[in-house]
Asks: 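Quick one: this structure, given as structure tokens, is what I'll be asking you about.
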Amino acid sequence: MEHACGGFSGEEFQKACEELQQFGRVGNDWQLLLEHEGFKIYRRLDEQTGLYEYKVFGVLDNCPPAVLADVYMDLDYRKQWDQFVKELYEKECNGKTVVYWQVKYPFPMSNRDYVYIRQRRDLDMDGQKIHVVLAQSTSVPQIPERSDVVRVNQYKQSLAIESDGKKGSKVFMYYFDNPGGQIPSWLINWVAKNGVPNFLKDMAKACQNYLKKT
């Protein structure tokens, strides 16, 4: 399988670009979950797992696309601004670069961790530069599961960013994960309605500080 080798296909990058260009025009099987402060979140039930997958569309003002993509890729910097990061690093495993990410969960639940591959491409679509980052869970023997942390084995995310024509960015994000264990419905709903928009806002603030640093 191609993903196990650490790569994504050109078609997958192209699909993320197309989602961004359609910007909120989704199929009838997607339900509008939330519209708030310039963001729209849609969800669709994944029949196999009984969980939802999500699409997010929005605009981040005063956050240039190239800077936003750089901030998203900078794991060391993310430890400074993402309050839910417990542990985050890259590691070379079998000739591919994987990311280890442990997320803080509220007591008494166990933290979750992820091992995933990710790739970034900066594409030109009809003269418009689009930054795309794809990520998907993988497994490597060098990073085994821990007894006190729940490993998330089903995780997929796409991020596509382009200029909003001003000083900000138009953003498309797709995400799905299966956190395992017994997660209360209130927490799942909170993450869907608040966690992702808050993450994007925090990332926008991080962009402002990133610009000041450079």
Side-chain angles (χ1 to χ4, degrees), residues 8 12-26 30 32-43 53-86 88-90 99 101 103-104 114 116 118-136 155-177 189-214:
F8 295 91
E12 288 173 287
F13 284 94
Q14 183 76 22
K15 183 179 178 183
C17 287
E18 291 170 357
E19 290 276 10
L20 180 62
Q21 292 176 319
Q22 292 168 6
F23 205 67
R25 296 195 297 274
V26 298
W30 289 87
L32 180 62
L33 177 67
L34 179 71
E35 186 170 0
H36 181 63
E37 293 186 7
F39 285 96
K40 287 185 177 181
I41 301 178
Y42 297 85
R43 71 177 183 180
E53 52 186 336
Y54 298 91
K55 289 182 179 181
V56 183
F57 301 89
V59 174
L60 294 174
D61 297 325
N62 300 314
C63 192
V67 175
L68 185 59
D70 288 346
V71 166
Y72 186 77
M73 293 295 291
D74 191 332
L75 299 184
D76 286 334
Y77 183 45
R78 182 166 176 177
K79 295 175 197 174
Q80 300 175 33
W81 61 265
D82 187 345
Q83 62 179 320
F84 295 106
V85 169
K86 173 72 173 177
L88 183 62
Y89 61 84
E90 283 186 327
V99 177
W101 174 36
V103 181
K104 298 174 187 174
Y114 301 71
Y116 62 93
R118 65 171 185 169
Q119 286 186 326
R120 171 182 170 179
R121 288 189 191 176
D122 298 338
L123 306 174
D124 188 296
M125 299 287 290
D126 301 322
Q128 177 83 317
K129 179 173 278 191
I130 300 180
H131 308 274
V132 181
V133 183
L134 303 180
Q136 181 158 312
Y155 166 70
K156 189 173 183 179
Q157 188 172 55
S158 307
L159 180 70
I161 308 162
E162 70 176 352
S163 172
D164 67 347
K166 302 173 187 175
K167 296 180 180 179
S169 298
K170 286 174 64 178
V171 178
F172 159 73
M173 180 184 285
Y174 166 90
Y175 67 99
F176 172 81
D177 72 14
N189 291 333
W190 183 90
V191 170
K193 292 185 176 181
N194 301 284
V196 172
N198 287 346
F199 168 76
L200 290 170
K201 289 176 196 170
D202 287 345
M203 190 161 64
K205 291 177 188 173
C207 282
Q208 302 304 316
N209 293 329
Y210 198 81
L211 284 168
K212 293 172 187 175
K213 288 199 315 176
T214 55

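Nothing fancy with the numbering, it's 1 onward along the sequence. Only a predicted model underlies this, so the values are computations on that prediction, with no experimental measurement involved.
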Asks: Enter the distance from Phe84:CZ to Asp202:CG here, rounded to the nearest 0.5 Å.
Replies: 8.5 Å
Asks: Please find the pair of heavy atoms, one from His131 and one from Ala69, that lie closest to each other, and give the distance.
Replies: CB-CB, 3.8 Å
Asks: Where do Asp82 and Phe199 land on the side-chain contact (heavy atoms from CB on, under 4.5 Å) test, with the steps shown first?
Replies: CA-CA 8 Å; Asp82 187 345; Phe199 168 76; 4.1 Å; yes
Asks: Would you compute the distance between atom CH2 of Trp81 and atom CD of Gln208 and round it to the nearest 0.5 angstrom?
Replies: 13.0 Å
Asks: Working note: Leu20 + Met125, criterion side-chain contact (heavy atoms from CB on, under 4.5 Å); need CA distance, chi angles, decisive distance, verdict.
Replies: CA-CA 11 Å; Leu20 180 62; Met125 299 287 290; over 6 Å; no
Asks: With heavy-atom distances below 4.5 Å as the criterion, would you say the side chains of Leu159 and Val171 are in contact?
Replies: yes
Asks: Can you find a heavy atom in the side chain of Leu88 that is under 4.5 Å from one in the side chain of Val99?
Replies: yes
Asks: When the ring planes of Tyr175 and Tyr54 are compared, do they come out parallel, tilted or perpendicular, using 30° and 60° as the limits?
Replies: parallel
Asks: More than 12 heavy atoms of other residues, nucleotides or ligands under 6.0 Å from NZ of Lys201: is that the case?
Replies: yes
Asks: Looking only at non-hydrogen atoms, find the nearest pair between Leu68 and Cys63 and report the distance.
Replies: CD1-SG, 3.8 Å
Asks: What are the two closest heavy atoms between Val132 and Ala16, and how far apart are they?
Replies: CG1-CB, 3.8 Å
Asks: Under a 3.5 Å distance rule, please check whether Arg118 uses its side chain to pair with a backbone N or O of Gln157 as donor and acceptor.
Replies: no
Asks: Is there a side-chain contact between Leu75 and Tyr89 in this structure, where contact means two heavy atoms from C-beta onward sitting under 4.5 Å apart?
Replies: no
Asks: Under 4.5 Å between any side-chain heavy atoms of Asp164 and Asp61, yes or no?
Replies: yes
Asks: Looking at every heavy atom in both Glu53 and Trp30, which two are closest together, and how far apart are they?
Replies: O-CZ3, 3.4 Å
Asks: Rounded at 0.5 Å granularity, tell me how far OH in Tyr116 sits from CG in Leu134.
Replies: 12.5 Å
Asks: Quick one: CD on Gln22 to CZ on Phe57, what's the gap to the nearest 0.5 Å?
Replies: 7.5 Å
Asks: Near Lys104 NZ, under 6.0 Å, is it more than 12 heavy atoms from other residues, nucleotides or ligands?
Replies: yes
Asks: Rounded to the nearest 0.5 Å, how far apart are CZ of Arg120 and CG of Asp70?
Replies: 4.5 Å
Asks: Among Lys170, Gln21, Gln14, which residue meets the side chain to side chain contact (heavy atoms under 4.5 Å, CB included) test with Ile130?
Replies: Gln21
Asks: Fit a plane to each ring of Tyr210 and Tyr77, take the angle between them on a 0 to 90° scale, and name the class: parallel (under 30°), tilted (30 to 60°) or perpendicular (over 60°).
Replies: tilted
Asks: Does the side chain of Arg78 reach to within under 4.5 Å of the side chain of Trp101, using non-hydrogen atoms?
Replies: yes
Asks: Donor-acceptor pair, distance only, cut-off 3.5 Å: does the side chain of Gln136 make one with the backbone of Phe8?
Replies: no
Asks: Quick one: closest heavy-atom pair of Ala135 and Tyr155, and the distance?
Replies: CB-CE2, 4.1 Å
Asks: Before giving the answer on side-chain contact (heavy atoms from CB on, under 4.5 Å), spell out for Phe13 and Gln119 the whole-Å C-alpha distance, their side-chain angles and the decisive distance to 0.1 Å.
Replies: CA-CA 10 Å; Phe13 284 94; Gln119 286 186 326; 3.9 Å; yes
Asks: Would a 4.5 Å heavy-atom cut-off, applied to side chains only, mark Val59 and Phe23 as touching?
Replies: yes
Asks: Would a distance-only check, ignoring hydrogens and angles, find a side-chain to backbone donor-acceptor pair under 3.5 Å from Ser169 to Leu60?
Replies: no
Asks: With heavy-atom distances below 4.5 Å as the criterion, would you say the side chains of Met203 and Tyr72 are in contact?
Replies: yes
Asks: For Lys79, look at atom NZ and say whether over 12 heavy atoms of other residues, nucleotides or ligands are found less than 6.0 Å away.
Replies: yes
Asks: Within a strict 4.5 Å, meaning less than it, do heavy atoms of the Arg121 and Glu12 side chains meet?
Replies: no
Asks: Measure the spacing between CG of Leu34 and OH of Tyr42 and express it to the nearest 0.5 Å.
Replies: 11.0 Å
